Amino acid sequence: MKKPVKRTMLNLAVASACGMLAMPGYAQQAPAETPAAPATPEPEEAVKTVTVSGSRIAARGFTQPTPTTSLTSADLDKVAKPNIFDALTELPALQGSTGRTTNTFSTSSGIQGLSSLSLRGLGTLRTLTLLDGQRVVGANVTGVTDVSQFPQLLVKRVDVVTGGASASYGSDAIGGVVNFITDKKFTGFKTNLSGGMTKYHDDKGATVQAAWGKGFADDRLHVTLSGEFSKQNGIDSPGFGQVGAGGRTWYNNPALQESTKDMQAAGAPRYRSIVNAQHIQYAKYGLITNGPLRGTAFGPGGTPYPFQYGTDCVGNFCIGGDRSGSVGAGTNLAMNFKRQVAYTRVSWDLDADNEIYVTGNWAQVTSAFSPNPGAAKQGNLSIRCDNAYLPASVAAGCASGYPSGVMSVGTANAEFPSNINVHPTRTQRRVVLGANGKFQMFSKEWSYDAYAEHGENKTVIQVKDITLNPRYNFAIDAVRDANGQIVCRSAAARAAGCQPINIFGDNPINIAGWNYIAPTNGPLQHTDSTQNVVSANINGELAQGWAGPISVAFGAEWRREEYSVFGDPYGAGAAVESPYRPEYPADPTLSVTGDNWFAGNYHNGKGAFNVKEAYVELNIPFLKSATWGEANLNIADREEKYSTAGKARAWKLGATWQTPIDGLRLRAVSSSDVRAPNLSELYAAMTVTNQAVNNNQGQSIQIQQRNVGNPALKPEVARNNSFGVVLSQPSWARNFNFSVDYYDIKVQNVINSLNPQQEVDLCYGGNQQVCSAVSINGPAGTNYVLAQSFNFASLHTRGVDFETAYRKNMSDFGLPGSVTLRGLATRMIHSISDPGVPGTTPSEGAGAMTGATPKWKVMLTQSWDGLASGKLGLNLSQRWISSGVFNNEYIECQTNCPVSTAAHPTIYDNHMPGAFYIDFGGNYSFSKQVSGYFKIDNLADRAPVMVPQTNLSLGLNPALYDSVGRTYRVGVRMNF
């Protein structure tokens with residue numbers, strides 16, 4: 001929709017509201033309806049106001065058009081997870097979230113151990129997560145929040161808004177909003193104690209939570225305190241070889257084997273999924289990969305032996321053979337994870353309707369995991385024939401068979417005494433000072449809430465037992481000196497402390513050499529993020545229209561986000577922010593510009609922005625008829641001004657119609673939503689690598705690829721449309737609720753990075769914006785390309801959400817208690833990503849099982865409460881994801897395959913199965929104050945589906961499949 005049309009629609013809506021103000025108000029007060037998705041019904045008061053997270057309106061009789069799923073504390077208790085995050089990610093609408101079982105292969109991503117939510121598969125960056133409707137300081141440079149830092153025991157409800165909500169809440173709410181709502185007046189004492197482990201006796205964990213609240217001074221002063229500690233030990237790496245962690249038997253070395261060009265020309269597919277894969281470019285303790293000695297491996301004491309290659313060897317993989325050096329299984333299935341949270345809220349009632357309050361939150365979340373064992377070198381080590389550690393027979397064969405005096409060797413480096421291990425720690429400090437209440441104006445009652453927030457998050461990532469690439473290369477290049485001692489060949493390296501190491505065979509590593517190549521102080525990243533917010537919101541009734549009260553909400557917000565990050569001098573380069581110091585002494589053999597580590601080369605950076613914004617939202621009832629039912633119009637507009645990205649605008653136009661058909665309601669909403677570029681995208685620290693690009697004459701030019709942020713980025717803009725049908729407790733089924741909603745989200749100006757060649761091609765094509773980042777016509781050594789992000793890409797996702805709930809009192813059948821059935825499902829029709837760059841094609845993500853968006857994601861729950869004289873409750877749940885493909889862009893064929901292209905490769909079998917999980921739990925009330933509970937997740941111990949890669953890896957997709965296995969959990973809750 002073009003901007004003039006949008007403005008016209010909004011102006012007409014506002015004009016309609018003004019017109020209705022002049023009409024006589026004769027409608028009676030309508031009873032309120034909880035505008036959440038269907039849930040277990042509860043008794044309603046005759047008149048009440050309701051605030052839900054899809055809207056800022058809090059008014060009698062308001063039914064919002066934006067679909068919202070609500071989970072109460074009772075719902076969360078039944079799921080019985082040690083972290084609310086784990087319960088939420090099972091919801092079908094949440095796809096692509098990150099947690100302690102994802103990114104365990106990553107050293108440098110910066111999101112390891114981060115519990116962050118993603119709606120619609122649009123990513124964590126496009127999902128706004130709030131605490132009591134307030135923003136929370138980001139837990140990394142992208143600004144996403146860490147749910148693990150929230151005070152979870154005090155959460156009484158979580159609203160999941162599955163639609164654009166930027167007009168109400170601001171930037172990032174493209175996929176929707178997840179709002180954690182706490183019990184602000186909790187009184188008494190409650191605690192939750194639980195423990196658990198897997199069937200395999202690992203990932204043992206315990207949770208201790210306690211909260212206390214009390215009123216003082218005639219209940220005008222209210223104090224709430226809570227503390228939480230949770231520890232999960234994770235699942236350790238099993239090390240090298242085709243072996244499962246903790247006795248799991250499902251790991252089978254999956255891989256995608258790539259055929260040769262000749263095979264493809266003869267009609268064979270490019271890729272074929274295989275198991276029992278053997279990488280032929282390295283062995284556990286060293287393998288010669290070229291020349292006449294190819295296939296010579298090294299065993300105990302360095303003894304050479306013929307490597308046992310498997311069968312069907314094509315490209316880098318064979319099937320079977322010696323897989324003892326495989327590194328894929330060595331990634332942790334789950335991180336060692338610890339969360340500590342302390343929270344307080346102190347409020348003072350100024351009178352019966354107004355309070356001031358202050359909240360404080362301290363939280364620390366730590367993780368530890370191993371991304372891989374050893375440090376595999378895939379046939380890319382150049383070993384000279386006079387290497388002092390080579391066995392005599394190999395040295396002789398090298399001298400006679402390699403005229404250059406150099407042979408290629410690959411190794412898993414299994415002689416290393418420890419695996420690489422990564423330790424992220426995130427510490428949050430947050431203070432909020434606020435006020436809320438009611439006041440009279442124009443003979444109407446209005447409500448307000450205002451707050452000022454200051455939040456800080458410090459993230460420290462430390463990597464241990466990891467090598468420096470230059471030092472490793474110096475250490476393995478060993479010779480004998482004049483005295484017959486084995487030393488590093490390079491005199492400069494020797495002067496800088498080089499100690500030789502032997503990588504040929506199963507030999508205990510020289511500890512001095514290990515300390516040289518893997519110093520005690522490994523890669524370090526220290527990030528400080530700061531958020532300051534001042535916000536005020538007012539809502540109330542403008543007038544009594546002919547169809548009901550016309551309500552308005554309006555407000556303004558100012559926010560400032562700032563970050564600074566520095567690394568160690570070996571990774572970031574020597575700089576003021578990352579100087580050489582005793583922990584990282586200067587070493588002339590290392591690059592002064594950084595990037596010396598095997599992985600984890602963190603760089604320095606800083607940046608800030610601020611935003612001013614204001615919004616208005618109206619609810620206008622325009623139909624109240626015994627014949628035609630009731631209908632209301634919900635409109636909102638938000639204007640934003642960013643110090644970096646300039647102006648942005650979000651709007652919403654929605655309506656609901658309570659039809660004359662018993663219990664049937666229709667809802668529709670169209671919105672324009674925004675996501676402003678985050679600090680990382682704007683101000684990412686520069687990293688430099690050497691690359692080559694082709695100019696428009698086809699000539700190859702050496703350049704510096706300078707990866708850097710782009711301060712010129714503009715906001716992403718989304719158009720979000722949805723239409724739904726709700727059947728809520730009709731007279732013929734009083735305890736039945738059902739809703740179905742169709743959604744369509746198109747995101748333009750998507751921020752996406754380009755590679756140097758793409759930028760060069762775009763520049764020659766006349767794109768002046770990109771040309772400012774390209775300089776390739778200068779003298780040799782001066783050419784560069786700024787590898788930046790640009791607003792070229794787009795996303796388009798659409799699908800259908802279903803939700804149903806039914807409650808039945810079993811006394812009708814002569815049985816005790818009541819049964820509650822609930823189901824949620826999402827059918828993803830399309831999830832299309834278009835890079836927006838010439839020469840690239842859009843890709844379809846729906847049903848691609850290497851991503852996060854299966855075509856179907858379903859969750860069903862059945863609860864039977866009130867058994868055993870009302871003391872026992874049982875609950876059963878099922879989770880299902882549909883089957884799909886490895887990649888929608890792949891062409892499946894076995895013979896006579898078409899030409900394989902980069903955009904559409906051919907593959908032998910593109911099918912990937914789905915998964916079905918059953919969970920079972922229960923609770924028993926020993927008294928009114930004490931209850932016990934248990935939960936078994938993945939009751940059938942369903943093994944994960946293998947997701948092969950083009951390199952040996954764990955071969956899992958934990959975003960879709962359960963990788964942990966059957967898990968047992970027991971606990972006790974006390975409430976006094």
Side-chain angles (χ1 to χ4, degrees), residues 110 123-126 137-138 140-144 166 170-172 174 457 525 527-533 558-567 572-573 575-578 593-594 602-613 639-650 674-689 703-718 747-756 758-760 762-763 767-776 783-794 835-837:
T124 58
L125 299 179
R126 299 180 185 89
V137 61
N140 73 352
V141 296
T142 65
V144 299
S166 289
S171 180
D172 304 335
I174 287 178
N457 193 92
Q525 183 187 61
T527 305
D528 289 310
S529 301
T530 303
Q531 181 187 78
N532 292 295
V533 180
W558 173 87
R559 176 165 49 98
R560 178 178 173 82
E561 307 270 0
E562 183 176 3
Y563 95 107
S564 63
V565 58
F566 64 83
V576 174
E577 302 87 350
S578 53
T593 59
Y602 306 115
H603 288 258
N604 306 324
K606 61 181 179 180
F609 71 80
N610 61 69
V611 56
K612 303 172 185 176
E613 47 194 319
E639 303 292 332
E640 303 169 297
K641 185 176 181 181
Y642 288 86
S643 59
T644 51
K647 293 182 179 180
R649 186 187 190 198
V674 298
R675 181 183 81 84
N678 61 51
L679 291 169
S680 177
E681 292 162 335
L682 292 165
Y683 302 112
M686 181 180 291
T687 61
V688 180
T689 58
I703 63 156
Q704 280 190 342
Q705 176 181 326
R706 302 176 182 177
N707 299 291
V708 66
N710 185 357
L713 290 171
K714 299 300 180 183
E716 298 179 352
V717 180
V747 191
Q748 304 295 328
N749 296 334
V750 170
I751 299 169
N752 195 27
S753 60
L754 304 180
N755 64 48
Q758 288 175 327
E759 292 190 33
V760 170
L762 284 171
C763 180
N767 190 309
Q768 295 303 310
Q769 178 185 358
V770 177
C771 279
S772 63
V774 174
S775 178
I776 63 171
N783 297 309
Y784 67 88
V785 173
L786 297 179
Q788 296 178 299
S789 294
F790 294 92
N791 295 101
F792 290 155
S794 64
V837 177

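Nothing here was measured: the structure is a model prediction, and the numbers come from that model.
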_Salt-bridge contact Arg559-Glu640 (side-chain N to carboxylate O under 4.0 Å)_ =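 Salt bridge between Arg559 and Glu640, a charged N being under 4.0 Å from a carboxylate O: no.
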Can you give me the closest heavy-atom contact between [X] and [Y], atom names plus distance?
X	Y	value
Asn140	Ser529	O-OG, 4.1 Å
Glu759	Ala773	OE1-CB, 3.6 Å
Ala793	Asn752	CB-CB, 3.7 Å
Phe566	Asn604	CA-OD1, 3.0 Å
Pro715	Asn749	O-CB, 3.7 Å
Tyr563	Gly605	OH-C, 3.9 Å

Atom pair [atom1] ([X]) and [atom2] ([Y]), whose distance is rounded to the nearest 0.5 Å:
X	Y	atom1	atom2	value
Ser643	Arg560	OG	CZ	7.5 Å
Lys606	Asp528	NZ	CG	12.5 Å
Glu562	Thr530	CD	OG1	5.5 Å
Asn767	Phe790	CG	CZ	7.5 Å
Cys763	Gln769	SG	CD	11.5 Å
His603	Ser578	NE2	OG	9.5 Å

Measuring only between side-chain heavy atoms, which start at C-beta, is [X] closer than 4.5 Å to [Y]?
X	Y	value
Val674	Arg649	no
Val837	Leu762	yes
Leu125	Val144	yes
Gln788	Leu754	no
Val141	Leu679	no
Asn532	Trp558	yes
Asn791	Val750	no
Asn783	Gln704	no

Full working for side chain to side chain contact (heavy atoms under 4.5 Å, CB included) between Glu716 and Ile174
CA-CA 9 Å; Glu716 298 179 352; Ile174 287 178; 4.2 Å; yes
Q: Say whether, by atom type as modelled, one donor and one acceptor occur between the side chain of Ser166 and the main chain of Gly170 under 3.5 angstrom.
A: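 Pair found, side chain donor or acceptor close to backbone of Gly170.
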Start with the C-alpha distance between Arg706 and Val785, add both sets of side-chain angles, then the distance that settles side chain to side chain contact (heavy atoms under 4.5 Å, CB included), and finish with yes or no. CA-CA 6 Å; Arg706 302 176 182 177; Val785 173; over 6 Å; no
Could you check whether Ser789 and Asn710, counting side-chain N and O atoms only, form a donor-acceptor pair closer than 3.5 Å?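 Per modelled atom types, Asn710 and Ser789 side chains form no pair under 3.5 Å.
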